[in-house]
2 protein chains.
Amino acid sequence: MSVGIRHDDLRRRNRAMVISAVRRAGQPSRTEIAATTGLSHSTISAISADLIQEGILTESKASEPTALKRGRPQIGLALNPEAAAVLTVVLSLNFLSVAVIDYAGQVIAEEQRRLDTLVMPRDELIGECLAIVRRRLQDPDLDVSSVARIAMGIQGITDSHSRAMLWSPITPLTDIPFADILEREFDIPATMENDCNMMAVALRWRDPERYRDNFIAILLSHGIGMGLVLKGELFTGTHSSGGEFGHMIHRPGGALCRCGRRGCVEAYAGNYAIWRSAMGISEDAAPIDIGDADMRALAAKAREKDGPERVAYRRAGEALGFGLGSLFALIDPAPVAMVGVSAAAFDLIEPALREAIAQTAGGQHTNSISFDTEPNELPLIREGCAMRALSFVDQEIFAPGVQARSGATGKNVA
Amino acid sequence: MSVGIRHDDLRRRNRAMVISAVRRAGQPSRTEIAATTGLSHSTISAISADLIQEGILTESKASEPTALKRGRPQIGLALNPEAAAVLTVVLSLNFLSVAVIDYAGQVIAEEQRRLDTLVMPRDELIGECLAIVRRRLQDPDLDVSSVARIAMGIQGITDSHSRAMLWSPITPLTDIPFADILEREFDIPATMENDCNMMAVALRWRDPERYRDNFIAILLSHGIGMGLVLKGELFTGTHSSGGEFGHMIHRPGGALCRCGRRGCVEAYAGNYAIWRSAMGISEDAAPIDIGDADMRALAAKAREKDGPERVAYRRAGEALGFGLGSLFALIDPAPVAMVGVSAAAFDLIEPALREAIAQTAGGQHTNSISFDTEPNELPLIREGCAMRALSFVDQEIFAPGVQARSGATGKNVA
DNA sequence: GGCTTTTTTTCGAGCCTCAAAAAAATAGTG
DNA sequence: CACTATTTTTTTGAGGCTCGAAAAAAAGCC
């Protein structure tokens, strides 16, 4: 059951509040922080003095093109880029990329690699991941001891504790505890995140106006994935990363899905499903991976003239629409971001999608539902991983204060 | 955004913690409370002394059949039944019931009434509700000023702030702000709760072993409703009570649902849908309300011999199974409680339901999913409303302490 | 240069929680 | 029955935290 609040939790939480206010606002003054947190000026003053003294925040007098106002000018507080660093690892189909990011969120190094994820044996796949991380950590420009967190993102299902990949379309392998493997190898705390969840996290940081408390990020690519933010919190399943929108049932006993079952939304709206339908291939045919270029060509052809290609996109829209309708029955309508290569073909998908939604419980609000598109998912996933890792450092390492910290990050403290 | 913790929030939260520990555990000693909350003995001692002095808790030396132990015997703490009272109002098809419940959770008065909800005009329906509440409040045995909260439960969709009924199958009327109406009339804070959500709340109190952090309560009656608890919290939509499981789409463009749309789960599994199918009535026929007795007779006939009745239940099971499968794709499998008159026919539903689930994302865990049945939903709804109202009193009225309280409940304080 | 305005820091008061010690209440023991 | 052991509860003093008020700092304005 939930536990009482100790006296020292108070400081910890309010420190966390100040740090997150600075991360959100960029360069807020102490007065602004006091306003957003509702704490008194004296408290903010005391906490920020501590945080500056510990090297977590810095005063940024310099960069101000202050509107000339009367009174003592505000002193902006900023995250100290050198306070820590985090590392992101994104593993997707045939592609592995790593980035090192400073505490202020700037990329300071990166590396990418192509590999045949579909056929690599377990040891080799893990080995490649470890090797690329090791190379980045051995970079002489990087102070290894400042790396406080690794966040790895992968397309597929992860467990709800962000420790392991349970299943992924990019490899036949299952149940790889990447977080534990990375932690053991490098002695740096790590997590294993679901790609679509990270897309959602990134969208929230990119555009907090539009994506604030409730929204849906849907990946339209080889497969169909979803990241869901409800009431300001990332939604996950009880055991897994959850939100397997692509495997809600569209037509019981219908088209063959990559997951081996029948009638999933993905079996009508995934790249392979659109391709299969456009090419007149049977719905029972085994799914195959279609390259992004092929999908773009298909979309171009569909735009050109009415024909099986256009019908294929229409069917995809229908499946997505009924799926969203069912989802909206559960959570109520919310803004949607369509991400991935087929999001670039959303013009072909949208009409049928809206028509389908109109026939469902979400129908009454069909016009108020807005869709945004973003064709490139990889940058979003990396951004999401970075923000996730940085938030962890904010909340779990810097908020408790110096005394509670392990040696790994101690050196950044004054 | 989230707000900092003030110094006085601390006491408030820890008071709430102690009160909820007592409500959960029955008659815990101070030592037990210290153990479950993680707070020190001195803190618990100070807080419980306050709460006793304020008349919220009582020491219950008496009722102890203490296992003879050495040492100073523990003194059980209990909720003082006279500290407050709450009132529950449950409005369902043709039926209105009210109960007065003391602070310890015991029913101290109740009243029920049949009415023709389907044909009553707006003023009359509201008037009946107000009248029955007024009669209970005028009971000379009841100290009106001790009534701290009214919780009203209704079958149908409510808004996410628990203020209004938005839509209900028991009346053609829509958007009735019952919570505001009750508050204005009686000057007692009120909420308007969704029936299935209250079922879930009640199940959690009744059997915390089985229904703890993640479970699903499904109402199988005239319509199909759902109450969902995820990560220990009641799940609601972003605007409405949400969780409209019955209106997820089972077959796009399929059978006519009571909501006017086509292919909803309810259009295959609601009482009217089972009846329609068993009687060979068209799927396009307008839904009609079937009495409980008729449904029981139908189930008996289905058990007797194979025939259209049995097929009807099988089809209901299939719809529920695919719906649950889609739900499990989103939230992962969880224990399910089937409630309502058709839960008594769950033996007829279960085989097809399990078969359907096996074809979905939840399929891999099909055997670990367990179903419980409870044919009578009304007591559950009332219990849920009661616990909801009492928890509100615990958290919002008694936790902040005397000074923050309004006059309404002041008289119970020593 | 003095005055006004705004931001930030300092200081004392008031709470809260905690650990340790004291007090209370009972069972066992000779 | 007095005394000891054991367990629970209360008391007490210390240390921390936040807050409001006042002071200090840092600019523009006249």
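By convention in this document, chain letters (A, B, ...) are assigned in the order of the sequence lines, proteins followed by strands, and residues within each chain are numbered from 1.
- Per the geometry, CG belonging to A:L10 stands 6 Å off C1' belonging to D:dC17, to the nearest Å.
- Taking atom CG on A:D50 and atom P on C:dT9, their separation rounds to 11 Å, with Å as the unit.
- Contacts of B:F186 classified as ring-ring contact (aromatic ring centres under 6.0 Å, His included), with partners at least two apart in sequence or in another chain: none.
- Summarising the geometry, the separation between CG on A:L39 and P on D:dC17 is reported as 14 Å, rounded to the nearest angstrom.
- Looking at residues two or more places apart in sequence or on another chain, you find a side-chain hydrogen bond (donor to acceptor under 3.5 Å, both in side chains) between B:R206 and B:E383.
- By the side chain to side chain contact (heavy atoms under 4.5 Å, CB included) test, B:R388 pairs with B:E193, B:M198, B:V201, B:L234, sequence neighbours left out.
- If you take CZ of A:R6 and P of D:dC17, they are 15 Å apart, rounded to a whole angstrom.
- Contact check, B:N14 against C:dT17: a side-chain N or O comes under 4.0 Å of OP1 or OP2.
- B:R12 places its CZ atom 16 Å from the P atom of D:dT18, with the value rounded to the nearest Å.
- Taking the side chain as every heavy atom from C-beta outward, A:I56 and A:N80 never approach each other to under 4.5 Å.
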Report all interatomic pairs (protein N or O, nucleotide N or O of nucleotides 13-15 of chain C) with separations under 3.5 Å.
unit_1	atom_1	unit_2	atom_2	d
C:dG14	N2	B:H7	ND1	3.4

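- Here the closest heavy-atom approach between residue A:I188 and residue A:E183 is recorded as O-CG, 3.2 Å.
- Partners of B:F235 under the ring-ring contact (aromatic ring centres under 6.0 Å, His included) rule, at least two apart in sequence or in another chain, do not exist in this structure.
- In this view, A:D180 and A:R163 satisfy the salt bridge (Lys or Arg N to Asp or Glu O under 4.0 Å) rule, not counting sequence neighbours.
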For nucleotides 10-12 of chain D, give me every protein contact, N/O to N/O, under 3.5 Å, one pair per line with atom names.
unit_1	atom_1	unit_2	atom_2	d
D:dT10	OP1	B:R30	NH2	3.4
D:dT10	OP2	B:R30	NE	2.8
D:dT10	OP2	B:S45	OG	2.7

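- For the side-chain hydrogen bond (donor to acceptor under 3.5 Å, both in side chains) test, residues two or more places apart in sequence or in another chain that qualify with A:S40 are A:S42, A:T43.
- Rounded to an integer number of Å, the gap from CD of A:Q53 to C1' of C:dT9 is 16 Å.
- Dashed line: the shortest gap from a side-chain N or O of B:S40 to OP1 or OP2 of C:dA19 is not under 4.0 Å.
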Atom pairs, N/O to N/O, protein against nucleotides 2-5 of chain D, distance under 3.5 Å?
none

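- When the P atom of D:dT18 is taken as reference, atom CZ of A:R13 falls 12 Å away, rounded to whole Å.
- Qualifying side-chain hydrogen bond (donor to acceptor under 3.5 Å, both in side chains) partners for A:D50, counting only residues two or more places apart in sequence or in other chains: A:R11.
- The side chain to side chain contact (heavy atoms under 4.5 Å, CB included) test applied to A:T88 returns A:A99, A:I101, A:R382, A:C385, A:A386, not counting sequence neighbours.
- Between the C1' atom of D:dT8 and the CD1 atom of B:I33 lies a distance of 13 Å, rounded to the nearest Å.
- Under the ring-ring contact (aromatic ring centres under 6.0 Å, His included) criterion, B:F392 pairs with no residue at all, not counting sequence neighbours.
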